[in-house]
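Some notes on the structure that comes next.
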Amino acid sequence: MKKVLMIAVMLLSCVTFSFAQSEAKIKFDKLTYDFGTFTVSNPVQEASFSFTNEGKSPLVINQVVTSCGCTVATYTKKPIAPGQAGVIKVKYNGTGRFPSHIKKMITVRTNGVPEMVRLYVEGDMVEDKK
């Protein structure tokens with residue numbers, strides 16, 4: 001009985017390990033994008049975050065959520081094959097906001113490893129020079 005139980009545990013471990021090896025894996029070129037300094041008269045700023053699927057199965061982005069309504073993200077909706085790349089585009093609109101330092105978070109949820117990644121856009125919006 002002990003031998004059967006031990007064989008079952010070993011078999012389960014091997015199957016679990018093989019599934020873990022075949023997961024999708026997301027890898028971003030960068031996690032933070034700095035807009036630098038921009039003016040109130042030019043409040044709309046855009047950033048792109050490129051990523052690659054370094055895993056062995058298709059990568060699916062399930063959800064991209066921004067921390068503020070002033071930030072909108074668009075992303076690749078179709079599955080990304082192993083070795084292929086995708087992009088998440090982020091647009092910040094500071095219209096009607098006071099000049100200040102901004103830092104906004106974008107949360108990306110995937111079927112891969114890691115399941116959740118946080119991206120950031122930041123910059124300094126300043127008054128127009130007179």
Side-chain angles (χ1 to χ4, degrees):
M1 183 67 178
K2 285 185 179 182
K3 287 183 182 180
V4 172
L5 183 59
M6 185 61 110
I7 290 172
V9 168
M10 294 288 284
L11 183 61
L12 183 61
S13 298
C14 290
V15 169
T16 302
F17 183 73
S18 67
F19 279 127
Q21 295 299 316
S22 65
E23 291 181 331
K25 183 177 180 187
I26 191 166
K27 173 76 172 155
F28 282 92
D29 293 344
K30 59 186 169 194
L31 299 177
T32 301
Y33 186 93
D34 189 352
F35 295 131
T37 302
F38 59 98
T39 62
V40 173
S41 63
N42 187 25
V44 178
Q45 300 293 311
E46 296 182 9
S48 292
F49 293 93
S50 298
F51 62 88
T52 305
N53 179 3
E54 294 184 342
K56 299 201 184 307
S57 64
L59 173 72
V60 177
I61 296 179
N62 297 322
Q63 183 182 42
V64 176
V65 179
T66 60
S67 62
C68 174
C70 59
T71 309
V72 177
T74 57
Y75 58 96
T76 307
K77 305 264 197 264
K78 63 180 183 170
I80 308 297
Q84 297 298 309
V87 67
I88 296 175
K89 294 182 180 180
V90 177
K91 183 185 283 189
Y92 170 75
N93 187 347
T95 304
R97 299 194 179 268
F98 291 107
S100 66
H101 178 79
I102 59 119
K103 186 168 187 174
K104 303 299 176 184
M105 181 174 61
I106 301 94
T107 304
V108 180
R109 297 187 185 275
T110 72
N111 69 328
V113 175
E115 291 180 4
M116 183 183 73
V117 178
R118 289 203 170 108
L119 307 172
Y120 297 91
V121 292
E122 64 180 323
D124 291 302
M125 186 165 68
V126 296
E127 290 282 346
D128 291 318
K129 293 184 180 180
K130 296 181 182 181

Kindly indicate whether the side chain of Thr66, heavy atoms from C-beta on, has any atom under 4.5 Å from the side chain of Val72.
-> no
Do the non-hydrogen side-chain atoms of Phe35 and Ile102 ever get within less than 4.5 Å of each other?
-> yes
Might you point out which heavy atoms bring Ala24 and Pro58 nearest each other, and give the distance in Å?
-> CB-O, 3.5 Å
Can you measure from SG (Cys68) to CD1 (Ile106) and round to the nearest 0.5 angstrom?
-> 10.5 Å
Between Thr52 and Ala85, is there a donor-acceptor pair closer than 3.5 Å when you use the side chain of the first and the backbone of the second?
-> no
Do Tyr92 and Phe38 come close enough that some side-chain heavy atom pair is under 4.5 Å?
-> yes
Distance in Å, Lys25 NZ paired with Asn111 CG, rounded so as to fall on 0.5 Å steps = 14.5 Å
Kindly work out whether a path of hydrophobic side-chain contacts (I/L/V/M/F/W/Y, heavy atoms less than 4.5 Å apart) joins Phe28 to Val64.
-> yes
If only atom types and distance count, is the side chain of Asp128 paired as donor or acceptor with the main-chain N or O of Asn42 below 3.5 Å?
-> no
Contacts of Phe49 that satisfy ring pair (Phe, Tyr, Trp, His ring centres under 6.0 Å) - sequence neighbours left out | none
To the nearest 0.5 Å, tell me how far Thr110 OG1 sits from Gln63 CD.
-> 11.5 Å
Would you tell me whether Asp124 and Thr37 have side-chain atoms, one donor and one acceptor, within less than 3.5 Å of each other?
-> no
Sub-4.5 Å side-chain heavy-atom contact between Leu31 and Arg118 | no
Measure the CD1-CG distance between Ile88 and Leu119 for me, rounded to the nearest 0.5 Å.
-> 5.5 Å
What distance do Glu115 atom CD and Ile26 atom CD1 have between them, rounded to the nearest 0.5 Å?
-> 12.0 Å
Answer yes or no: does atom CD of Glu54 have more than 12 heavy-atom neighbours from other residues, nucleotides or ligands under 6.0 Å?
-> yes
How close do Met125 and Gly94 get, heavy atom to heavy atom, and via which atoms?
-> CE-O, 3.7 Å
For residues Val117 and Phe51, determine if any side-chain heavy atom of one lies less than 4.5 Å from a side-chain heavy atom of the other.
-> no
For His101 against Gly123, the heavy-atom pair lying closest together | ND1-O, 3.2 Å
Rounded to the nearest 0.5 Å, how far does CG of Leu59 lie from CG of Asn53?
-> 4.5 Å
What are the two closest heavy atoms between Val121 and Ala47, and how far apart are they?
-> CG1-CB, 4.0 Å
State, with a plain yes or no, whether a side-chain heavy atom of Glu122 is found less than 4.5 Å away from one of Thr32.
-> yes
Sort and list the pairs that fulfil side-chain hydrogen bond (donor to acceptor under 3.5 Å, both in side chains) and have at least one residue in residues 70-91, not counting sequence neighbours.
-> none
